[in-house]
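Take a look at the structure below.
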Amino acid sequence: MICDTTDTPECLLRDPVDLFHSGHIVKICAPMVRYSKLAFRTLVRKYNCDLCYTPMIVAADFVRSVKARDSEFTTNRGDRPLIVQFAAKEAQVLSDAACIVCPFADGIDLNCGCPQRWAMAEGYGACLINKPELVRDMVRQVRNQVENPRFSVSIKIRIHDDLKRTVDLCRKAEATGVSWITVHGRSVEERHQPVHYDAIKIIKQNISIPIVANGDIKSLKDAENVHHMTGADGVMAARGLLANPAMFAGFDETPLKCVQDWVDIALEHGTPFTCFHHHLMYMMERITSKQEKKVFNVLSSTPAVLDYLSDHYGV
């Protein structure tokens with residue numbers, strides 16, 4: 001765990017729940033494996049992103065291994081407000097992980113939505129939407145063990161085919177003290193099918209804590225439309241932000257200033273080449289021709305990428 005922070009634990013200084021009472025839609029960067037790391041979080045915060053999540057971290061590994069902590073969790077003073085997302089299936093393990101990150105983050109999120117086979121086979125992710133009592137026990141344990149009352153505990157879920165079960169899950173989570181719930185409006189089996197925004201609206205109508213809508217939000221206009229359709233208090237974007245980290249600032253495609261900012265931030269943070277290059281491939285997808293992609297996407301070193309950007313875009 002690498003943290004460039006002040007001596008005073010900043011988790012004592014703010015409450016991320018306050019964001020949901022600010023009078024505007026809370027714009028959130030989703031947890032993304034390999035991608036929502038410190039450098040990318042730093043970039044999207046420059047473009048009106050209100051709240052960022054870390055990639056999903058397996059709590060058991062994080063608690064057991066210093067090496068896992070150092071590789072999985074890096075932050076700094078400007079990286080706030082920050083939510084650390086964990087995959088967990090045991091209450092004590094999740095609460096131990098929460099206690100470790102509390103001085104360096106504003107809350108934790110329990111992943112109850114990851115549909116990947118490995119996660120569900122291990123008892124993590126989306127299989128938890130069918131175990132509301134276990135979710136309740138994990139949330140309650142974190143609440144009991146983390147001393148700071150302003151530290152948020154949230155969950156991110158997918159929906160059931162029978163929406164009554166999802167509403168029941170959310171009501172139980174609310175009664176246990178969850179700060180907010182992020183709803184990806186697809187079932188476990190669905191991948192690229194249309195998002196069920198009507199389901200998110202029904203969930204919002206049935207509980208009183210904040211709801212965050214997730215799924216196919218690819219522009220600021222989409223965020224506003226989903227807010228109006230569902231009544232959600234916040235919106236969370238993943239692929240939309242990868243393709244355009246400036247989307248929450250109202251840009252329809254990645255501006256060159258954002259590309260320049262990514263280069264500067266990534267170099268400052270020592271971002272590994274593969275990650276640095278992949279982000280640029282996503283960001284420049286809409287602003288490059290097929291021929292340009294053929295050249296740019298096979299570049300194999302940071303100097304080659306920097307030369308290309310300088311020669312073709314003045315970056």
**OP:** Would you check if Val135 and Cys112 make a side-chain contact, meaning some heavy-atom pair closer than 4.5 Å?
**Re:** yes
Subject >> Gln141 versus Asp137, side-chain donor and acceptor atoms under 3.5 Å >> reply: no
Original post:
Would you call Arg41 and Asp79 a salt bridge, taking side-chain N to carboxylate O under 4.0 Å as the test?
Top reply: yes
Subject >> Set of residues satisfying side chain to side chain contact (heavy atoms under 4.5 Å, CB included) with respect to Thr74, sequence neighbours excluded >> reply: Ile2, Leu38
Original post:
Other than Val33, which residues form its hydrophobic cluster under the rule that side-chain heavy atoms must be closer than 4.5 Å?
Top reply: none
Original post:
Going by heavy atoms in the side chains, are Asp222 and Ser219 under 4.5 Å from each other?
Top reply: yes
Original post:
So do Leu110 and Val142 actually touch side chain to side chain, heavy atoms under 4.5 Å?
Top reply: no
Subject >> Least distance between heavy atoms, Arg191 atom then Arg186 atom >> reply: O-NE, 3.2 Å
Subject >> Reported CD1-to-SG distance for the pair Ile157 and Cys170, which is rounded to 0.5 angstrom >> reply: 3.5 Å
**OP:** Please examine the side chains of His196 and Gln193, heavy atoms only from C-beta on, and report whether any two atoms are closer than 4.5 Å.
**Re:** no
Original post:
Taking all non-hydrogen atoms of both residues, which atom of Met283 and which atom of Cys258 are closest, and how far apart?
Top reply: CE-O, 3.9 Å
Kindly list each side-chain donor-acceptor pair under 3.5 angstrom involving residues 226-249, sequence neighbours excluded, with atom names and distances?
from: His227; atom 1: ND1; to: Ala232; atom 2: O; distance (Å): 2.8
from: Thr230; atom 1: OG1; to: Val226; atom 2: O; distance (Å): 2.7
from: Thr230; atom 1: OG1; to: Ala232; atom 2: N; distance (Å): 3.0
from: Asp233; atom 1: OD1; to: Lys204; atom 2: NZ; distance (Å): 3.4
from: Asp233; atom 1: OD2; to: Lys204; atom 2: NZ; distance (Å): 2.8
from: Asp233; atom 1: OD2; to: Ile211; atom 2: N; distance (Å): 2.8
from: Arg239; atom 1: NH2; to: Asp216; atom 2: OD1; distance (Å): 3.3
from: Asn244; atom 1: OD1; to: Ala246; atom 2: N; distance (Å): 3.1
from: Asn244; atom 1: OD1; to: Met247; atom 2: N; distance (Å): 3.4
from: Asn244; atom 1: ND2; to: Phe251; atom 2: O; distance (Å): 2.7

Subject >> Donor-acceptor pair between Ser179 and Arg150 side chains, under 3.5 angstrom >> reply: no
Subject >> Side chain to side chain, His24 and Asp50, heavy atoms closer than 4.5 Å >> reply: yes
Original post:
What are the two closest heavy atoms between Asn130 and Arg165, and how far apart are they?
Top reply: OD1-NH2, 2.9 Å
Original post:
Taking C-beta and beyond as the side chain, do Ile100 and Phe62 meet within less than 4.5 Å on heavy atoms?
Top reply: yes
Subject >> Shortest non-hydrogen separation from Val188 to Met120 and the atoms involved >> reply: CG1-SD, 3.7 Å
**OP:** With rounding to the nearest 0.5 Å, note down the distance linking CD in Gln85 to CE in Met32.
**Re:** 11.5 Å
Original post:
Are the side chains of Val183 and Ile159 in touch, meaning some heavy atoms are under 4.5 Å apart?
Top reply: yes
Original post:
Is the closest side-chain heavy-atom distance between Trp180 and Pro16 below 4.5 Å?
Top reply: yes
Original post:
If you look at every heavy atom in Gly250 and Leu220, which pair is closest and at what distance?
Top reply: CA-CD2, 3.7 Å
**OP:** Report the relative orientation of the aromatic rings in Phe296 and Tyr308; use parallel for angles under 30°, tilted for 30 to 60°, perpendicular for over 60°.
**Re:** tilted
Original post:
So, Tyr47 and Asp261: side-chain donor and acceptor under 3.5 Å apart, yes or no?
Top reply: yes
Original post:
Which heavy-atom pair separates Leu19 from Ser22 by the least distance, and what is that distance?
Top reply: O-OG, 2.8 Å
Original post:
Is the number of heavy atoms from other residues, nucleotides or ligands within 6.0 Å of NE2 (His21) greater than 12?
Top reply: yes
Original post:
Going from CG on Leu94 to CD1 on Ile108, what distance comes out if it is rounded to the nearest 0.5 angstrom?
Top reply: 4.0 Å
Original post:
Less than 4.0 Å between a side-chain N and a carboxylate O, is that true for Lys164 and Asp168?
Top reply: no
Subject >> Salt-bridge criterion met for Lys221 and Asp252 (N-O under 4.0 Å) >> reply: no
